[in-house]
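Computed over heavy atoms, backbone and side chain alike; hydrogens, waters and symmetry mates excluded. When a residue number appears, it is its place in the shown sequence, counting from 1.
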Amino acid sequence: MNRTMPLPSLRIGCAGWSLPRGLWPNFPSEGSHLERYAQRFDAAEIDTSFYRPHRRETYERWAASTPDGFRFAVKLPQSITHEKRLLDAMPEFEAFIAQVDGLRAKLGCLVVQLPPSLAFDAGTVKRFLSALRRRHGGPVALEPRHRSWFAPEAESLLSRLHVARVLADPVLFDEAAAPGGWPGLVYLRLHGSPRRYWSAYDDALLERLASRLRLAQGEGAECWCIFDNTAGGEAVGNATTLARLLQNC
């Protein structure tokens, strides 16, 4: 008898879990912001970890504040990506992963955002990601911002190491207009366009995005869509609209 395989997860969320006051009526009235947020969304990206370390106990508290199906993506520290520039950075990574392990099963994905000046160097990238993979087997999404990363050699290396290349908006280059790297994970970081961190996305774009995400999910990819247009509070509204549209896809 044929059995239908379950689809991979498709998660919608925001960078952080701040709730604009005007949208409070759409969320439960009791609990912390995270507890209320997690009753409507199943994912959040922690980007404060880029700027400063958090104690393992803090991650444990966040995990305990969310339902069983909730997952966090966590951004690697700038000490690894921007200061060490991926070179000899395993001591910093090991300290980071020891903290993040406080999330336990709710650690969903690691996010590696690189500085715009960091060009692709196959040796450096292979050493760093291979060492990372020996210490962490879960999903990893990498957001490069130098044009040299959007080439077949980089794509092949990321794919071999099961690392997805983030699709980030605004798109920096024509070659960056689609996700890449390992096809088993699709990770979108939507920063707001045309005004980064401020602009809202219109419903027509979100409808197209819902269709593309369903297609990727149907092709076997785990999908994440994180809204980072948080400066004016637009992320929560956009994520809410996208989640509603996905229910009808």
Side-chain angles (χ1 to χ4, degrees), residues 10-52 54 58 62 65-66 70-78 81-82 108-116 141-145 166-173 176-179 186-213 223-249:
L10 197 172
R11 300 184 180 279
I12 308 299
C14 303
W17 44 81
S18 179
L19 301 177
R21 184 175 293 272
L23 295 179
W24 281 9
N26 298 334
F27 293 85
S29 59
E30 301 296 326
S32 67
H33 271 240
L34 175 56
E35 289 169 330
R36 295 161 64 198
Y37 169 98
Q39 295 302 312
R40 295 290 180 267
F41 300 114
D42 61 2
E45 184 182 281
I46 300 170
D47 59 2
T48 51
S49 54
F50 176 79
Y51 300 100
R52 63 183 186 276
H54 298 302
T58 300
W62 287 338
S65 299
T66 56
F70 193 90
R71 295 293 182 270
F72 294 90
V74 190
K75 192 173 174 183
L76 263 64
Q78 60 183 338
T81 55
H82 289 55
C109 188
L110 298 183
V111 178
V112 186
Q113 187 190 53
L114 301 179
L142 184 142
E143 183 182 348
R145 291 183 285 174
V166 169
L167 169 57
D169 185 77
V171 173
L172 298 176
F173 318 106
V186 169
Y187 197 104
L188 277 56
R189 302 187 80 225
L190 306 182
H191 301 297
S193 182
R195 189 182 180 195
R196 185 182 291 265
Y197 305 125
W198 288 90
S199 294
Y201 293 98
D202 62 35
D203 287 359
L205 183 144
L206 295 175
E207 288 173 2
R208 296 193 297 272
L209 183 58
S211 297
R212 290 179 64 186
L213 286 167
C223 298
W224 289 66
C225 184
I226 296 295
F227 289 91
D228 190 28
N229 49 342
T230 56
E234 303 292 355
V236 171
N238 281 167
T240 300
T241 299
L242 180 59
R244 174 177 53 80
L245 291 168
L246 282 166
Q247 291 177 351
N248 300 320
C249 281

Is there side-chain contact between [X] and [Y], with heavy atoms separated by less than 4.5 Å?
X    : Y    : answer
R196 : P170 : yes
F72  : W17  : yes
L245 : E207 : yes
V166 : L142 : no
V186 : L188 : yes
V111 : V74  : no
L167 : R212 : yes
F227 : F41  : no

Face-on cation placement of R71 at W224 ring, 6.0 Å and 45° thresholds: no
Any chance you could measure [X], atom [atom1], to [Y], atom [atom2], to the nearest 0.5 Å?
X    : Y    : atom1 : atom2 : result
N26  : L19  : CG    : CG    : 9.5 Å
S211 : L246 : OG    : CG    : 8.5 Å
T241 : L205 : OG1   : CG    : 11.5 Å
H191 : I226 : NE2   : CD1   : 11.0 Å
E143 : L76  : CD    : CG    : 12.5 Å
L242 : L206 : CG    : CG    : 6.0 Å

Side-chain (S49) to main-chain (P77) donor-acceptor, under 3.5 angstrom: no
Heavy-atom donor-acceptor pair, E35 side chain to S32 backbone, under 3.5 Å: yes
Kindly give the heavy-atom pair with the smallest separation between [X] and [Y], and that separation in Å.
X    : Y    : value
C14  : A239 : SG-CB, 3.9 Å
L209 : C225 : CD2-SG, 3.9 Å
A141 : C109 : N-SG, 3.9 Å
P115 : R145 : CA-NH2, 3.8 Å
A15  : D228 : CB-OD1, 3.2 Å
A200 : E234 : CB-OE1, 3.5 Å

Distance flag, aromatic centroids of F50 and H82, threshold under 6.0 Å: yes
Side chain to side chain donor-acceptor pair (under 3.5 Å) partner of Y201, the single match among N229, N238, D169: D169
Chi angles and distances behind the side chain to side chain contact (heavy atoms under 4.5 Å, CB included) call for T48, H54: CA-CA 9 Å; T48 51; H54 298 302; 2.8 Å; yes
Cationic N near anionic O, under 4.0 Å, R189 to E45: yes
Polar side chain donor-acceptor pair, S18 to H33, under 3.5 angstrom: no
